[in-house]
Number of protein chains: 6
Amino acid sequence: MYELGVVYRNITRADRAATDGLAALGSATVHEAMGRVGLMKPYMRPIYAGAQVSGTAVTVLLHPGDNWMMHVAAEQIQPGDIVVAAITAECTDGYFGDLLATSFMARGARALIIDAGVRDLKELTKMGFPVWSKAISSKGTIKATVGSVNIPVVCAGMIVNPGDVIVADDDGVVCVPKALAAKTLATAQAREANEGEKRAKLAVLGLDMYKMREPLAAAGLKYID
Amino acid sequence: MYELGVVYRNITRADRAATDGLAALGSATVHEAMGRVGLMKPYMRPIYAGAQVSGTAVTVLLHPGDNWMMHVAAEQIQPGDIVVAAITAECTDGYFGDLLATSFMARGARALIIDAGVRDLKELTKMGFPVWSKAISSKGTIKATVGSVNIPVVCAGMIVNPGDVIVADDDGVVCVPKALAAKTLATAQAREANEGEKRAKLAVLGLDMYKMREPLAAAGLKYID
Amino acid sequence: MYELGVVYRNITRADRAATDGLAALGSATVHEAMGRVGLMKPYMRPIYAGAQVSGTAVTVLLHPGDNWMMHVAAEQIQPGDIVVAAITAECTDGYFGDLLATSFMARGARALIIDAGVRDLKELTKMGFPVWSKAISSKGTIKATVGSVNIPVVCAGMIVNPGDVIVADDDGVVCVPKALAAKTLATAQAREANEGEKRAKLAVLGLDMYKMREPLAAAGLKYID
Amino acid sequence: MYELGVVYRNITRADRAATDGLAALGSATVHEAMGRVGLMKPYMRPIYAGAQVSGTAVTVLLHPGDNWMMHVAAEQIQPGDIVVAAITAECTDGYFGDLLATSFMARGARALIIDAGVRDLKELTKMGFPVWSKAISSKGTIKATVGSVNIPVVCAGMIVNPGDVIVADDDGVVCVPKALAAKTLATAQAREANEGEKRAKLAVLGLDMYKMREPLAAAGLKYID
Amino acid sequence: MYELGVVYRNITRADRAATDGLAALGSATVHEAMGRVGLMKPYMRPIYAGAQVSGTAVTVLLHPGDNWMMHVAAEQIQPGDIVVAAITAECTDGYFGDLLATSFMARGARALIIDAGVRDLKELTKMGFPVWSKAISSKGTIKATVGSVNIPVVCAGMIVNPGDVIVADDDGVVCVPKALAAKTLATAQAREANEGEKRAKLAVLGLDMYKMREPLAAAGLKYID
Amino acid sequence: MYELGVVYRNITRADRAATDGLAALGSATVHEAMGRVGLMKPYMRPIYAGAQVSGTAVTVLLHPGDNWMMHVAAEQIQPGDIVVAAITAECTDGYFGDLLATSFMARGARALIIDAGVRDLKELTKMGFPVWSKAISSKGTIKATVGSVNIPVVCAGMIVNPGDVIVADDDGVVCVPKALAAKTLATAQAREANEGEKRAKLAVLGLDMYKMREPLAAAGLKYID
């Protein structure tokens with residue numbers, strides 16, 4: 001259950017260097033490095049291709065059709081943050097557009113992750129402010145009911161605590177708990193190095209590189225000519 | 001319920017100047033200017049990014065898997081029109097491709113809004129004929145059953161009367177009743193002017209610009225350090 | 001029902017020249033040429049716009065969340081093949097990324113058609129390896145259970161036999177049975193030639209070009225001024 | 001577009017006898033009698049099996065998560081009415097429960113048709129007040145924004161004008177324009193009579209009863225032994 | 001791809017005794033007995049609870065919104081058959097009601113499995129004719145285009161060959177290839193016997209009965225007090 | 001992110017009396033009593049109508065298509081518990097049937113809430129063991145990968161901590177944090193008492209009972225005769 005009507009001003013953010021280092025690795029490698037957990041649902045899609053970011057989460061809980069708390073969240077943004085917006089019920093309204101993006105960018109936000117809709121796509125694309133969302137919709141919102149900022153939220157099926165690391169790219173959005181940021185960076189970088197080597201070898205076959213022929217036979221696979 | 005088997009040839013179109021002026025404002029601003037109503041459902045998406053149009057609606061009612069009436073509608077198009085296509089039941093078939101687009105463009109159509117599927121994306125993109133649709137599908141249609149042209153239709157959840165204004169861009173599709181075209185243009189332009197000012201100020205915070213701090217406190221919002 | 005745990009090494013592929021000739025015609029024309037059948041469901045979408053390919057199907061049956069058989073399939077690829085991947089239950093996991101793509105490309109594969117998810121979009125786009133999929137997801141898979149290679153599969157609602165022709169573009173994915181490849185090519189080319197002529201004429205009206213006015217009247221269509 | 005903030009008190013209701021007579025015929029026969037139009041989308045489902053009703057529509061337009069206008073609509077109900085509720089955006093909240101049902105029943109309402117959610121299923125079932133809805137949800141609503149009563153609305157894809165006839169049963173919900181009520185009743189009763197005869201004969205085969213063998217052969221159907 | 005316009009009159013049906021024996025085992029046990037394959041997608045739901053049937057498949061391929069071939073299929077029904085209906089594109093129309101059910105029952109059909117909609121629920125329930133479908137819809141269909149009878153079809157994602165065994169109950173629908181009917185019956189009966197024993201013991205714990213404690217520890221599971 | 005491979009044996013359960021008292025109030029009243037929060041998404045539906053339960057949550061995290069941890073969870077059940085099952089990715093497989101239900105009932109479980117599929121509906125209904133699920137599916141699962149028991153999980157969009165109270169009925173499923181159980185019971189009982197009074201009065205109109213006429217007029221509502 002969500003705590004309503006509160007703004008936590010002092011949150012502990014994940015280690016900055018680890019957070020920033022995770023962007024280059026991408027959501028797929030980072031999620032693998034954590035043991036294949038932490039991903040939001042695949043309906044979360046970027047508004048334009050090619051953006052790849054990481055940052056520390058400022059969370060916001062909104063009501064359906066009401067973006068009042070977005071303005072409250074804006075004030076809590078510090079450079080290097082990514083805003084993660086959850087809604088108390090399913091909604092596809094356009095909570096966020098170029099005006100709020102101007103405000104978010106001025107505070108140093110790197111992206112918005114929202115389990116609802118966004119609008120002003122052309123302007124956001126020009127401004128280079130990336131958004132991952134469930135929907136695109138012109139539908140505006142009102143400012144009538146208070147929610148909360150910097151409480152733990154569920155966004156697209158994933159628990160996000162304020163200060164956690166968000167990594168987002170064309171493949172999706174992953175959340176790394178702040179306590180695991182440094183360790184995940186190390187594991188992911190090791191994986192990545194390893195992948196470079198693998199890629200070179202995969203002009204050959206994974207069957208041979210990964211020595212799969214024997215276990216496949218043991219699992220009963222039969223070849224028929 | 002729909003009237004079947006009729007083509008209304010003489011429809012009253014919205015004021016041309018007001019119609020044409022609405023394109024630049026975009027679907028989000030126009031929908032706000034009408035009091036946040038008039039939007040089609042957000043599943044309506046453009047086949048390519050960046051198109052932004054307005055025009056007067058020529059409506060067409062089609063049967064599932066049957067695009068016969070598209071040809072009947074083509075003849076009713078006048079320069080500056082946008083064809084709005086509704087189907088009597090859910091269907092994702094590709095009702096429209098480059099051949100029909102050639103015909104539509106020759107008559108002066110600016111776009112197609114269709115609550116079904118479209119095909120020939122590559123050619124339509126090259127031709128610069130924008131379509132907003134529910135689906136993309138190669139599946140062709142037959143020509144067997146009559147529907148109607150220029151009757152009121154429900155397209156993506158919204159009532160569209162022939163001659164109404166359609167405004168469409170990357171954010172979605174909005175319908176402005178013809179009687180409200182001029183008034184909506186004026187309101188939307190005022191909003192837009194105002195937004196320019198707001199954007200400049202939003203390097204500051206919406207909390208201050210909109211004087212939200214007091215009403216938020218009144219609504220019970222608490223800050224916790 | 002699917003035969004599990006088998007790899008058919010010697011499959012009969014559709015005629016190479018017919019297969020290769022179908023790419024230029026596109027999925028919509030090819031599906032029309034077959035009598036409007038053969039299309040996969042329209043939820044299958046390309047990871048980037050503009051790719052247009054044809055090739056002979058190497059089929060693979062996978063389990064949910066398990067891409068082991070992708071490596072087995074890789075070895076069965078011959079130049080000019082397209083891998084068609086079906087899953088035994090609904091799944092959106094990212095079964096395929098840049099590593100496997102390196103392997104597939106080295107064997108001469110032209111594309112992947114997968115009724116599940118894909119990842120590493122940025123790299124796949126750079127590599128120019130097109131994928132049509134149901135989802136995009138960072139979520140990785142395990143290698144634990146054997147499926148089959150080159151058995152008949154159901155992919156996105158369509159039966160695909162190994163060696164059949166796959167034609168895919170921005171409009172969707174169509175499967176041409178290998179026995180019909182040459183005949184379909186001839187029919188589709190005739191259609192295409194015909195479409196060129198039609199396009200020129202459609203600056204006029206389909207109503208006249210197709211002589212629709214009489215049958216429409218016979219079907220009861222009424223014009224009201 | 002919807003007119004907001006108005007309640008039309010004096011609406012013309014469809015002929016009472018025709019309205020009441022349509023219940024026994026059911027939604028399928030009535031929709032056929034109108035030429036296979038008038039049906040709401042099949043996601044509208046009854047909260048319990050077996051209810052079969054007809055009545056005159058009192059329409060209400062609500063905002064997402066806000067059921068204030070339900071109380072306004074209640075006052076406009078006359079015996080024999082069915083309330084038809086549309087929402088300005090997609091919503092699954094539970095707008096209606098046993099309290100409102102008590103109020104509606106006291107006014108003589110026969111059912112509710114709502115393009116959103118309903119709750120208190122156990123009590124509504126005990127009370128015998130049937131509801132056709134898009135969703136079932138405990139989620140309550142607020143009372144904050146005015147909509148309208150007795151304006152034309154779009155409910156589950158269908159235009160409903162105040163005073164139109166609604167016919168609903170286990171198969172779905174159909175809307176009969178008030179001007180067509182008597183004619184539709186006559187056509188539907190004729191169909192029904194005819195169906196009784198057909199049913200008796202269908203112990204034989206439709207192929208013979210409907211004399212389909214010749215047209216099927218003409219359409220190219222081939223039998224293979 | 002589907003062969004259109006043909007009716008195969010002489011199909012080989014699965015062994016009658018094996019077919020009939022499978023009903024009592026239910027879809028879950030039968031699917032397990034085949035190695036967890038053969039199930040249609042879980043969106044296929046029975047129109048009333050409690051029906052549990054098996055039978056030999058008579059397949060029919062229909063066009064969207066057109067049930068003409070249902071009448072052709074009726075003639076091919078023999079006692080003990082279950083009709084399996086596939087559509088060439090997604091459709092939720094009500095293809096089947098009490099009239100056709102009368103015809104099907106007179107021929108000895110035990111059920112209908114349809115990847116589309118059904119209507120006349122109340123009458124079908126009274127008649128005791130079970131249907132598993134994707135949708136319930138009053139929407140009627142036309143009789144205009146020929147499809148096929150007794151060709152291999154894809155129904156709800158599963159390949160069904162004419163003469164295969166269908167087993168359907170409240171849990172779903174499974175298809176057993178005719179060649180495997182007897183073997184599957186034997187395996188399923190063995191499983192069932194075994195389940196009876198297990199059920200008795202499961203008042204204890206699966207952890208102990210299945211000796212899972214050691215493999216769970218080996219897999220790294222840790223208990224924390 | 002989820003902690004994998006752990007079983008917390010000693011969890012603090014919500015107050016027993018408060019937990020048990022909440023069943024009679026139902027999910028709608030309980031969710032209102034908490035300020036309209038705490039509900040799982042409305043796609044969670046009971047397998048049979050009429051069950052109404054409350055209990056303390058034993059949580060379990062499962063992998064797609066793998067129910068191994070269900071057996072681990074069974075051992076942690078104490079009388080009065082309700083098992084809440086979350087999956088690391090979307091899945092509709094049938095994780096639970098009559099065998100596991102026997103085991104759960106023997107330990108004193110009152111229900112299962114699962115964000116995936118269930119099977120053996122007929123037997124579960126006979127046994128009187130209620131399940132709220134996202135899907136019904138015959139598809140069985142394997143036992144290969146460890147998850148966790150009694151960690152915080154996200155089930156159908158809601159965070160559930162081990163020991164929290166679950167209240168479920170025909171209207172949906174609500175989670176009450178254990179710390180709020182007693183307070184929520186008191187508030188809900190007060191609401192319920194109040195509702196009894198309201199119900200009596202609602203033979204009149206909510207407009208009068210709730211004194212809505214003045215605020216509606218203030219909000220701009222206009223009556224038109």
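Owing to the predicted nature of the structure, the values given are computational and were not obtained by experimental measurement. Chain letters run A, B, ... following the sequence lines, proteins first and then strands; every chain starts at 1.
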### Which atoms of E/Val146 approach chain D - backbone, side chain, both or neither, heavy atom under 4.5 Å
side chain

### Task
Could you tell me whether the side chain of E/Met69 reaches within less than 4.5 Å of the side chain of D/Leu221, counting heavy atoms only?
yes

### Message
Among D/Asp208, D/Leu216, D/Leu205, D/Leu207, which residue satisfies the side-chain contact (heavy atoms from CB on, under 4.5 Å) criterion with E/His71?
### Response
D/Leu207

### Message
Within this structure, what is the OG-NE2 distance for the pair E/Ser137 and D/His31, rounded to the nearest 0.5 Å?
### Response
7.0 Å

### Residue among E/Val118, E/Ile47, E/Val72 with most heavy-atom pairs under 4.5 Å to chain D
E/Val72

#### Entry: Under 3.5 Å: donor-acceptor pair, side chain of D/Asp171, backbone of E/Ile136
no

### Task
Examine whether an atom of E/Thr141 lies under 4.5 Å from a heavy atom of chain D, and if so say whether it belongs to the side chain, the backbone or both; otherwise answer neither.
backbone

### Task
Supply the atom-to-atom distance E/Asp93 CG to D/Arg36 CZ, rounded to the nearest 0.5 angstrom.
8.0 Å

### Task
Mind checking the CG-CG spacing from E/Asp120 to D/Asp169? Nearest 0.5 Å is all I need.
8.5 Å

### Summary
Value for CD1 (D/Ile224) from CD (E/Glu3), rounded to nearest 0.5 Å, stands at 5.5 Å

### Query
Pick from E/Ser148, E/Ser138, E/Gly5, E/Gly117: which one has the most heavy-atom pairs with chain D under 4.5 Å?
E/Ser138

## Note on the structure
When the 4.5 angstrom heavy-atom criterion is applied to E/Gln76 and chain D, the contacting part is side chain

### Task
Could you look at E/Val149 and say if it's the side chain, the backbone, both or neither that has a heavy atom under 4.5 Å from chain D?
neither

### Message
Just so I understand: if I count every heavy-atom pair under 4.5 Å between each of D/Arg45, D/Gln52, D/Met40 and chain E, which residue has the most?
### Response
D/Arg45

## Note on the structure
Closest non-hydrogen contact found for D/Gly50 with E/Lys122 is O-NZ, 3.1 Å

